[in-house]
Amino acid sequence: MKHTTHARSNRSKVLLLALLFGLGVVVAACGGGGDGDGGGSSSGGEGSDLSGSINASGSSTVAPITIRAAELFEDESPDVAITVNGPGTGDGFVQFCSGETDISNASRAIKESEAAECEEAGITYTELKVAFDGIAIMTNPNNSLECVTFGDLYALLGPESEGFSDWSDGQALADELGGSNSFPSAPLEISAPGTESGTYDSFIEIVLEGIVEERLGEDASAAIRTDIPGIAEDNVIIQGITGSDTSLGWVGFAFADENRDTVKALQVDNGESGCTSPTVETIADGSYPVSRPLFVYVNNEKAAANPSLEAFIEFYLNDGYTSAVTEAFGDSGYVELPDDQLQEAKDAWANR
Amino acid sequence: MAEPISLETLSGSSRRHLNESAVKAVMAVAATVSLAISALIVFSLVREAWVFITEVEWSTVWGSSWAPRLGRYDLKTLVVGSLLVTIIAMAVSGPIGLGAAIYLSEYASVRVRKVLKPTLEILAGIPSVVLGFFALQWISPNVIQRLFDGTSQFNLAAAGLGVGILTIPLMSSIAEDALKAVPNSLREASAGLGARKVTTTIQVILPAAVSGLVAAFIVTVSRAIGETMVVFIAAGGGGNNAQFTLSPLDSGSTMTAAMAAQASGTDSVVGEALTFQSLFFVGLVLFVITLSLNIVADRFVRRVRTRY
Amino acid sequence: MALSTLGNHSVTTTAVERAILGKGSDSKGLIFKLLVGSSIAFALLVLVVLLFDVVTGAWPVLTGRGADFLSSDLRSRASESGVFQPLRGTFWIGVFVVVFSFPVGIGAAIYLEEYAGDNVFTRFIDLNIRNLAGVPSVVYGILGFSIFVKFFDGFFPNSVGQHAGKTTAAAGITLAVLALPIVIITASEAIRAVPQALREGGYGVGATKSQVVRTQVLPYAAPGILTGTLLSLARALGEAAPLILVGAVQDKLGGRTGFFDFAQFGEQFKALPITITNFAGRPGDDWQEVTAAAIVVLLVLVLMANTAAILLRNRFEKKRG
């Protein structure tokens, strides 16, 4: 700790600035103006002289598909800047119908009230169905439960089960709804998406709403119990499932599939052929009952005014389609549309 | 600079005076910027919060859950959540921060202190998102779930411990300042009377520094209430809904985490008519609470200053 | 007073003896020392566990990809994703903090300590600054969103739509405002520590107040001021909550604006703390490695500011003896 006395303060200042800027320069040097996108295929390709910006928002479930399509498109047309955010389907439509975004990703079809907003703002759009997603009902691998019915799920997660903290609390209700499971006497730890998420909406719509209407009538105040935590990050939901032996929750199929070593995706009784596991095949052919189509909505006027937006959607539905959907998470993704449905989407876009 | 020499020749040229006033004016403007900031904060909070206050159905503000997108604005869910997290956090950072401060101020040799204090400051520099994931992925499974079997991984207790760790450096740094402000003559006098170090510390130094220590505690409380990301990530309120609970082992949310969840990604929030405004209402409540705490803390600091 | 106790020799002598020689087991003192020592040991242990956890998690990415990680943007595959845009955003937000809050904060501190008289107005400003320092960061986010973003909405007209104000500039100014009170407080403390004799020496040779401040006070207080300002910079760099409200892009940000391209001030932005949250929310071990690597990058940035501050303070304290 012995030093000779220099004029220190100035020198330290210089040192510090050098340090900070040094870092910046290093990064800039590696970045080389941000061309580190790996692709390196920026020459060639028909769209390479396109430039402009595209703004997409909406469902965080669909966002990975659009992001994958966008990065592939940008590899070919490096001057197009595509920004994709994923605040949630509903929030996305608010932005879309105020003209803020060009594309709205949605994990459900647009609601009437939302369509009315768009119309009021004079925005016309094209609805494109782009993929299927299953919602995986998950528990911990240590849980012996294998297969559930909608009635079982209603008994554990519906509005009548408010306050249930043990699986056995839902037994009577499940039996009443014709379930054949016997629930363990163990804590019911629920790990599920929050209210901003389309996956939350879809679960209610597909699994619970029918039973709610039957039992409580159309004007039931809630379609789901409200005393469950809402978790924003899909990976954090997975952590909640692995964190307790008797957990229960749901998340998009692709996320559950990525984590099949640590979570157990329950089979769901579809009423016809019995218990069905969520797989690419069962989701595509509709035999897994908790599945839903995913959509992309495109603003027509903006597409007419912005050649890069039009080119991007063309790319999305054609050259980029398979990779965008099936490699949305790198090595895994969603379920592709059958050819005829994909053709419908292409036609819808062509005839907008 | 009112020097007694009043010869006019010494006062220099008028340009010199003009220059002085200009410098003073510029500095004064800089100082008043802080007033403008406060005014803008209050303005931006009150403008939207007022809409909420005047239009909300007050029965929805007293219920059993915070789910603004569903039109449920039970404020006590968030206030109690904040309280639980803060109490747990202070149970960690209060004693540990104070202990660390005592060690640094009374026991550590100059050399040891030179190493320890910067290391503590590195802990202070760790971004709260990092501690949030630490709380979720390490504290919750390894501490909370071990101690209390069958607890959900998302719980207010883990978030509280995370916030506690986060605020240790703040507590210790202000508490150390308070301890160091106690004049050495007190230590010498006490030692001179034959008191052992522990007696001196507990019976002389701590009582002498008490208002500074209280201030440290209050400032840390105010920081713990204001901490956002740890709770947002670890307590299970990130999805913008939380259930009223009095148990720290349940999942829940706090005022801050609810605000972050509300705004996450967009300001175009769907929901009931006042969903978005509720964000500002919570912000206003939070602002008033921390403001009161800070004013109280300031009183204590002032007392310590005037004493020595 | 001491005289009256002189008679009682034996008690005082034993006490003094014991204190001097340390004879007898001072178990109470030992336990106390152990207690306070373990407090600080605990804090350090947490730090070590945390750093170890993060660095080991990040190791494969840092050693395997190195510069490529710093120069790539978000991609669908973790192995291709990097932190170029968020690092750029956080770096420039830091520059905004330095450029805006440092001069204003130091100026305010000089005014309060050197110029302002002790009147109601000054005391009010002083109290106000202390309160601002205690306002939760998420509330600054509301300020940023309601005032700065709205201001820049008009400033940067953009084909994207009405919310073009969620820019690097808005985020930078929001965090500069957040850092300002801390800068003022720490700078004030450093200025207060300047011995009065230095000022008087200056006046003695006929210097004006501003000359005294410039030539005597500031050079002496500089290391202390810099320490405080850099610590506030470190805090600002790690803030996530206000940036959520100001509208940092969480997923994909388009465009290939260069690191030093000023055009980015008027564009949407990403920031490291937000990106860390986003990465961590993705499934799979490879994303967790990338998350850890992004945390290391942020820590390095924050620790650079911290380390610089600590080095400066050590010199500063040495100079005072």
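All values below come from the heavy atoms of this structure, side chains included, with hydrogens, waters and symmetry mates left out. Proteins come first, then strands; the chains are lettered A, B, ... in the order of their sequence lines, and each starts at number 1.
Interface summary for chain C: among Leu40(B), Val29(B), Val282(B), the most heavy-atom pairs under 4.5 angstrom belong to Leu40(B). When Ile225(B), Thr228(B), Thr199(B), Leu131(B) are compared by the number of non-hydrogen pairs under 4.5 Å with chain C, Thr228(B) comes out ahead. Counting heavy-atom pairs closer than 4.5 Å to chain C, the top residue among Ile202(B), Val92(B), Leu120(B) is Ile202(B). Most heavy-atom pairs under 4.5 Å with chain C: of the set Pro169(B), Ala100(B), Gly283(B), Gly226(B), this distinction falls to Ala100(B). Looking only at heavy-atom pairs under 4.5 Å with chain B, the residue among Gly238(C), Gly29(C), Gly134(C) that has the most is Gly134(C). Across Leu132(C), Val139(C), Thr122(C), the residue that shares the most heavy-atom pairs under 4.5 angstrom with chain B is Leu132(C). Ranked by non-hydrogen atom pairs under 4.5 Å with chain C, the options Tyr103(B), Phe133(B), Trp138(B) are led by Tyr103(B). Counting heavy-atom pairs closer than 4.5 Å to chain B, the top-ranked of the candidates Pro181(C), Ala108(C), Ala41(C) is Ala108(C). Counting heavy-atom pairs closer than 4.5 Å to chain C, the top residue among Arg47(B), Lys197(B), Met27(B) is Met27(B). Top candidate by heavy-atom pairs under 4.5 Å with chain B, chosen from Asn306(C), Ile295(C), Val302(C), Ile142(C), is Ile142(C).
Only the backbone of Pro95(B) has a heavy atom closer than 4.5 Å to any heavy atom of chain C. Using a 4.5 Å cut-off between heavy atoms, Phe280(B) touches chain C through backbone and side chain atoms alike. Ile168(B) touches chain C through its side chain: at least one heavy atom from C-beta onward sits under 4.5 Å away, while N, CA, C and O do not. Of the two parts of Leu35(C), neither the backbone nor the side chain holds a non-hydrogen atom closer than 4.5 Å to a non-hydrogen atom of chain B. Proximity to chain C is limited to the side chain of Thr290(B), based on heavy atoms less than 4.5 angstrom apart. Only the side chain of Gln137(B) comes within contact range of chain C, with at least one heavy atom under 4.5 Å from a heavy atom of that chain. For a residue to count as touching a neighbouring chain, one of its non-hydrogen atoms must lie under 4.5 Å from one of that chain's; by this rule Leu35(B) touches chain C with backbone and side chain alike. Neither the backbone nor the side chain of Ser93(B) has a heavy atom closer than 4.5 Å to any heavy atom of chain C. In this structure, no portion of Leu98(B) lies under 4.5 Å from any heavy atom of chain C. Neither the backbone nor the side chain of Val219(B) comes within less than 4.5 Å of any heavy atom of chain C. If you measure heavy-atom distances from Leu104(B) to chain C, the contacts under 4.5 Å come from the side chain alone.
A distance of 6.5 Å separates OG1 in Thr90(C) from CG in Leu298(C), rounded to the nearest 0.5 Å. The CG atom of Leu51(C) sits 7.5 Å away from the CG atom of Leu303(C) when rounded to the nearest 0.5 Å. Rounded to the nearest 0.5 Å, atoms CG (Leu143(C)) and CG (Leu178(C)) are 9.5 Å apart. Taking CD1 from Ile40(C) and CG from Leu45(C), the interatomic distance works out to 12.5 Å, rounded to the nearest 0.5 Å. Between Met255(B) atom CE and Leu279(B) atom CG the span is 13.5 Å, to the nearest 0.5 Å.
Using the six-membered ring where Trp is involved, Phe145(C) and Phe276(B) have ring planes that are perpendicular, over 60° apart on the 30 and 60° scheme.
Ion pair Glu20(B)/Lys24(B) not flagged as a salt bridge, since none of the NZ, NE, NH1 or NH2 atoms sits closer than 4.0 Å to an Asp/Glu carboxylate oxygen.
Looking only at distances, no side-chain donor or acceptor of Thr167(B) sits under 3.5 Å from a matching main-chain atom of Leu170(B). At distances below 3.5 Å, at least one donor-acceptor pair connects side-chain atoms of Glu227(B) with backbone N or O atoms of Met229(B). For Lys209(C) (side chain) and Val23(B) (main-chain N/O), no donor-acceptor pair under 3.5 Å exists by modelled atom type. The backbone N or O of Ile218(B) sits nowhere less than 3.5 Å from a side-chain atom of Ser222(B) that would complete a donor-acceptor pair.
For the residue pair Thr201(B) and Glu106(B), no side-chain donor N or O sits within less than 3.5 Å of a side-chain acceptor on the partner. Side-chain contact, Ser278(B) with Gln262(B): a donor N or O sits under 3.5 Å from an acceptor N or O.
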